Amino acid sequence: HLVLGNVAEYGGHRYENGTVYVGSWNTAGHRQGRGHLLLAEGTRYDGFFEDGLFQGLGVLTFSDGAKYEGEFFDGWYHGHGIFWRADGMRHEGQFRGGKIWGLGLTTFNDGSNGFPRYEGFFQDCRLIKKTDCSEVVQKAQKVAFMARNLFNF
């Protein structure tokens, strides 16, 4: 057994529902550390796990082509990152509990940011207050880049 922190071993498992996981496990048998999870319907997660849940940096790619690259907490998008819709629209900024929540910028699939500009403080996926978010957008881009390149070493 390989023991790194609370990682006990590395290996794969195919669940009865068709889900496949390849990565690290803890001594309790939960996904822990780096791993790849492919759900039967085609959604894929590549990133870090903590006690079975998405935690830390990762990339979640949905079967319809939508994707989130960034930080996760307790299984949800949480922190800084970029969410791409399948049609090319994206949101760069802060997320909380799986929702757009905090400072950020929305860019529509035509490359515009809307008029007036969809930049500012979002709560529950709605723009509440307009403000400059360039620093938060830059951090979201850096975090997304790190998440995207986790497994390229």
Side-chain angles (χ1 to χ4, degrees), residues 1-107 109 118-128 133-153:
H1 286 273
L2 170 68
V3 178
L4 295 170
N6 46 0
V7 170
E9 61 183 271
Y10 182 87
H13 182 73
R14 179 179 299 274
Y15 298 86
E16 287 183 21
N17 66 5
T19 296
V20 176
Y21 174 73
V22 177
S24 302
W25 302 83
N26 64 19
T27 54
H30 298 130
R31 297 179 293 265
Q32 182 77 27
R34 281 188 199 218
H36 306 277
L37 182 68
L38 179 61
L39 302 177
E41 43 74 24
T43 295
R44 178 182 175 122
Y45 175 77
D46 298 288
F48 287 95
F49 292 83
E50 177 74 34
D51 205 23
L53 299 174
F54 307 159
Q55 182 85 10
L57 291 176
V59 176
L60 185 60
T61 307
F62 297 92
S63 58
D64 70 355
K67 178 172 27 176
Y68 173 80
E69 303 169 322
E71 296 173 310
F72 288 82
F73 181 75
D74 276 350
W76 298 99
Y77 331 141
H78 195 96
H80 292 82
I82 301 176
F83 180 82
W84 300 80
R85 277 191 353 192
D87 67 3
M89 185 174 135
R90 73 180 181 273
H91 184 81
E92 302 164 288
Q94 298 171 322
F95 295 81
R96 187 168 88 189
K99 297 179 180 180
I100 294 170
W101 200 301
L103 297 173
L105 171 66
T106 299
T107 303
N109 57 4
Y118 275 69
E119 180 179 28
F121 182 81
F122 290 78
Q123 183 174 327
D124 200 14
C125 304
R126 290 190 317 267
L127 181 61
I128 302 298
C133 298
S134 53
E135 287 183 24
V136 168
V137 169
Q138 286 178 356
K139 182 168 183 179
Q141 291 169 348
K142 288 177 187 175
V143 167
F145 177 82
M146 290 188 305
R148 190 179 317 124
N149 289 286
L150 266 178
F151 295 95
N152 299 336
F153 47 85

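Remember, predicted model here, so these are calculated numbers, not experimental data. Both backbone and side-chain heavy atoms feed into the values below; hydrogens, waters and symmetry mates do not.
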Donor-acceptor check, side chain of E71 to backbone of H80, threshold 3.5 angstrom: yes or no? yes
Are the side chain of H78 and the backbone N or O of G97 linked by a donor-acceptor pair below 3.5 Å? yes
For the atom pair CH2 (W84) and OG1 (T61), what is the distance rounded to the nearest 0.5 Å? 12.0 Å
What pairs meet the salt bridge (charged side-chain N to carboxylate O under 4.0 Å, His left out) rule with one or both residues in residues 77-87, with sequence neighbours excluded? R85-D87
For the NZ atom of K67 and the CZ atom of R148, what is their distance to the nearest 0.5 Å? 6.5 Å
Reported CZ-to-CG distance for the pair F145 and L57, which is rounded to 0.5 angstrom: 12.0 Å
I need the minimum non-hydrogen distance between M89 and T106, along with the two atoms involved. CE-CG2, 3.7 Å
Does the ring center of F122 lie less than 6.0 Å from the ring center of Y118? no
Drop me the distance from Y15's OH to L39's CG, to the nearest 0.5 angstrom. 10.5 Å
Where is the tightest heavy-atom contact between S24 and G33, given as atom of each residue plus distance? CB-CA, 4.4 Å
Close side-chain approach of W101 to D124, heavy-atom, < 4.5 Å: yes
Any side-chain heavy atom of Y10 within less than 4.5 Å of one from V22? yes
In this structure, NE2 of H91 is separated from CG of L105 (nearest 0.5 Å) by 7.5 Å
For the backbone of C133 and the side chain of E119, can you confirm whether one donor and one acceptor N or O come within less than 3.5 Å of each other? yes
So CZ of R44 and CG of L38: to nearest 0.5 Å the spacing works out to 6.5 Å
Nearest heavy-atom approach of L60 to Y45 is CD1-CB, 3.8 Å
Among F48, Y77, F49, find the one that has a ring-ring contact (aromatic ring centres under 6.0 Å, His included) with F54. F49
Option among E50, E9, Q55 that satisfies the side chain to side chain donor-acceptor pair (under 3.5 Å) test with Q32: E50
Under the side-chain hydrogen bond (donor to acceptor under 3.5 Å, both in side chains) test, which residues partner H30, sequence neighbours left out? D51
Under a 4.5 Å cut-off applied to non-hydrogen side-chain atoms, are F95 and I100 in contact? yes
For G58 and A147, the nearest pair of non-hydrogen atoms, with its separation, is O-CB, 3.4 Å
List the atom of A140, the atom of G81, and the distance in Å for their closest heavy-atom pair. CB-O, 3.4 Å
Side-chain contact test, heavy atoms from C-beta onward, threshold under 4.5 Å: evaluate it for W25 versus R31 and give yes or no. yes
Looking at D64 and A86, what are the two nearest heavy atoms and their distance? O-CB, 3.2 Å
